[in-house]
Trainee: 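Could you have a look at this structure, given as structure tokens, before my questions?
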Amino acid sequence: MKKYTKEDIFQMVEEDDVEFIRLQFTDMYGTLKNIAITVPQLEKALNNECMFDGSSVQGFVRVDESDMYLYPDLDTFAVFPWRPQSGKVARLLCDVYRSDDTPFTGDSRYILKKVCKQAADMGYTFDVGPELEFFLFETDEHGAPEVRTYEKAGYFDVGPMDTGENFRRDMVLTLEEMGYEVEATHHEAAPGQHEIDFKYGEALRAADSLMTYKLAIRTIAKRHGMHATFMPKPIDGIDGSGMHLNMSLRKNGKNIFVDEEDPYRLSQEAYYFIGGLLKHIKGMSLVLNPLVNSYKRLTPGYEAPVYLTWGAQNRSPLIRIPAGKGNTRIELRSPDPAANPYVALALCLAAGLDGIKNRILPPEEATGNLYKLDLTAAAEQDIERLPVNMGEAIQAMEADQFVLDTLGEEFSKCYLKAKKKEWSEYCRQISQWEIDHYLYNC
């Protein structure tokens, strides 16, 4: 990504006929927020003088300390191709600061930058390549989304069976116009399900890209009269959507996960990184799988991991080591696209570094198709599983002090409070399943 100065921003705004600039930031749930300013206010924004009410954003601050400031990251400047060609709209991603010029420790972007700094102090750069899955659904006559698709395509199918080809083409062209590089796109396993694979890069830019991609995908889908959803499991009986994270560490420009003498080409640091992920994965699950609906994807019998396992090339374990030519990496397969990417990557990196620092070795490699391993057989083999619901995930996070410390008190306290409320509200609901099974028979 290019390095921009303030002068560069002013010049691009003038040359591209930009009239509005959106100052964007991310809340604790991973939802993109923004304040729109006009060009005359740009200098004020670039001087970090743009204030907003932090008490109006859940998980930020109380009303008596509500004045917060947006510090734009100049390198994230981009013009939205889908806005008017005259009087264009651009954006800048921002960090959140307090009025005393200190970073807000509950800011998602800050949490990732903090852990990346810890890695840098150890000589490491954290590289990530996310694989983002989502569904395209029809909309009704009012433009409201419906859980409905007319297509019947599956893995890697092409048109006319894959009716999303034109959408994916427009999506890629739009992202390229914004300066992003997409590695690949294709139709996924379920009807109406698609995947976009990101270019491998440093963690902060990968998280920024995820936020931008999700905005672009939703916007372009709407232009096609469709609705794009990152809900993990919108339809019962078919595979849900994941956000697989491919990860590696660089030191002095070299991938330190590579050891050509190892049968799986994995270095000792790579094994320790896997060990750290497996040690903390339960405590991380509430962030990696943040919705009540997330745990309906993580069930046996579908192409989603359930058990705390790792394996080489085998796609059914929680952690997979893909067969890569000169690009050894670790793929974590449990996260879903509803996750806050900044906090998810921060926890993955922190857990892996903990494994390296404390020489945490993973268990023996798992073999066979774990998708078909039932819970009883897993228990007999002493194989642990991920939390089965949000309630268990809440308990697991509270029990892992390392995860809480990584997130920081400000974020973890607000996040747990919100998720406990969400879980309590869900548990009180009466579902149609209960009506269908119990109303007549009881």
Trainee: Strictly by modelled atom types, are E392 and Y295 linked by a side-chain donor-acceptor pair under 3.5 Å?
Mentor: no
Trainee: Among N289, D336, N389, exactly one meets side-chain hydrogen bond (donor to acceptor under 3.5 Å, both in side chains) together with S294. Which residue is that?
Mentor: D336
Trainee: Charged N to carboxylate O below 4.0 Å: is that the case for E131 and R333?
Mentor: no
Trainee: Taking only Lys NZ, Arg NE, NH1 and NH2, and the carboxylate oxygens of Asp or Glu, determine whether R329 and E331 approach each other closer than 4.0 Å.
Mentor: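 Here R329 does not pair with E331 in a salt bridge, since their nearest N and O are not under 4.0 Å apart.
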Trainee: Can the positive tip of K233 be found less than 6.0 Å from the middle of the six-membered ring of Y302, inside 45° of the ring normal?
Mentor: yes
Trainee: Contact between D27 and N340 at the side-chain level, heavy atoms closer than 4.5 Å - yes or no?
Mentor: no
Trainee: May I ask you to check if K214 and F230 form a cation-pi contact, with NZ or CZ under 6.0 angstrom from the six-membered ring centre and within 45° of the axis?
Mentor: yes
Trainee: Might you point out which heavy atoms bring A344 and A339 nearest each other, and give the distance in Å?
Mentor: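 Looking at all heavy atoms of both residues, the shortest contact is CB-CB, 4.5 Å.
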Trainee: Check V182 against Y213 and note the closest heavy-atom contact, atom names and distance.
Mentor: CG2-OH, 3.9 Å
Trainee: Does either side chain, that of Y271 or that of D262, offer a donor lying less than 3.5 Å from an acceptor on the other one?
Mentor: yes
Trainee: Would you mind reporting whether N48 and L70 have side-chain heavy atoms less than 4.5 Å apart?
Mentor: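 The answer is no; the side chains never approach within 4.5 Å.
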Trainee: Can a side-chain donor-acceptor contact be found between S248 and Y200 if the only test is distance below 3.5 angstrom?
Mentor: yes
Trainee: Please give me the minimum heavy-atom distance between L298 and R385, naming the atom from each residue.
Mentor: O-NH2, 3.2 Å
Trainee: Under 3.5 Å, side chain of S285 to main-chain N/O of I281, donor-acceptor pair present?
Mentor: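 At least one qualifying donor-acceptor pair exists.
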Trainee: Are D73 and R109 close enough, and set up right, to give a salt bridge (Lys or Arg N to Asp or Glu O under 4.0 Å), and what steps lead you there?
Mentor: CA-CA 11 Å; D73 183 337; R109 211 166 183 264; 2.7 Å; yes
Trainee: Check this for me: does any side-chain nitrogen of one of D75 and R205 sit under 4.0 Å from a carboxylate oxygen of the other?
Mentor: yes
Trainee: Are side-chain N/O atoms of Y180 and T212 paired as donor and acceptor at under 3.5 Å?
Mentor: yes
Trainee: Does a side-chain heavy-atom distance below 4.5 Å link V79 with V89?
Mentor: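 Sidechains of V89 and V79: no contact.
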Trainee: Where the side chain of R91 meets the backbone of T76, is there a donor-acceptor pair that is under 3.5 Å apart?
Mentor: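 A pair under 3.5 Å: yes.
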Trainee: Looking at I321, is its backbone amide N or carbonyl O close enough to the side chain of W310 to form a donor-acceptor pair, meaning the two atoms are under 3.5 Å apart?
Mentor: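 Here the side-chain-to-backbone pair does not exist.
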Trainee: Can you find a heavy atom in the side chain of I356 that is under 4.5 Å from one in the side chain of Y124?
Mentor: yes
Trainee: Taking side chain as C-beta onward, heavy atoms only, is M397 less than 4.5 Å from K419?
Mentor: no
Trainee: For residues 341-351, which residue pairs qualify under side chain to side chain donor-acceptor pair (under 3.5 Å), counting only residues two or more places apart or in two chains?
Mentor: D208-Y342
Trainee: Tell me, do F80 and M178 make a side-chain contact under 4.5 Å, heavy atoms counted?
Mentor: yes
Trainee: Got a salt bridge between R250 and D127, using NZ or NE/NH1/NH2 to carboxylate O under 4.0 Å?
Mentor: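 Yes.
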Trainee: Could you check if a side-chain atom of P145 sits within less than 4.5 angstrom of a side-chain atom of F137, using non-hydrogen atoms only?
Mentor: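 When only atoms from C-beta onward are counted, F137 and P145 do not touch, as no gap falls below 4.5 Å.
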Trainee: Apply the test side-chain hydrogen bond (donor to acceptor under 3.5 Å, both in side chains) to residues D239 and Q193: give CA-CA distance (whole Å), side-chain angles for both, the deciding distance (0.1 Å), then the verdict.
Mentor: CA-CA 9 Å; D239 295 322; Q193 190 180 36; over 6 Å; no
Trainee: Out of M284, H280, K279, Q395, which residue meets the side chain to side chain contact (heavy atoms under 4.5 Å, CB included) rule with D400?
Mentor: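 Among M284, H280, K279, Q395, the one that satisfies the side chain to side chain contact (heavy atoms under 4.5 Å, CB included) with D400 is H280.
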Trainee: Heavy-atom count check: over 12 atoms from other residues, nucleotides or ligands less than 6.0 Å from R148 CZ?
Mentor: yes
Trainee: Kindly give the heavy-atom pair with the smallest separation between C94 and P72, and that separation in Å.
Mentor: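 Smallest heavy-atom distance, with atoms named: SG-CA, 3.7 Å.
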Trainee: Quick one, E177 with T174, criterion side-chain hydrogen bond (donor to acceptor under 3.5 Å, both in side chains). Give me CA distance, side-chain angles, the key distance, then yes/no.
Mentor: CA-CA 5 Å; E177 193 172 343; T174 300; 5.6 Å; no
Trainee: Closer than 4.0 angstrom, basic N to acidic O: yes or no for E410 and R98?
Mentor: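 Counted as a salt bridge, because a side-chain N and a carboxylate O are separated by less than 4.0 Å.
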Trainee: If we ignore angles and hydrogens, is there a donor and acceptor under 3.5 Å between the side chains of S424 and R428?
Mentor: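 S424 vs R428: donor-acceptor pair found between side chains.
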Trainee: Do P290 and V287 touch side chain to side chain, with heavy atoms closer than 4.5 Å?
Mentor: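 When only atoms from C-beta onward are counted, V287 and P290 do not touch, as no gap falls below 4.5 Å.
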Trainee: How far apart are the C-alpha atoms of D354 and Y272, what are their side-chain angles, what is the distance that settles it, and do they pass the side-chain hydrogen bond (donor to acceptor under 3.5 Å, both in side chains) test?
Mentor: CA-CA 8 Å; D354 185 51; Y272 292 149; over 6 Å; no
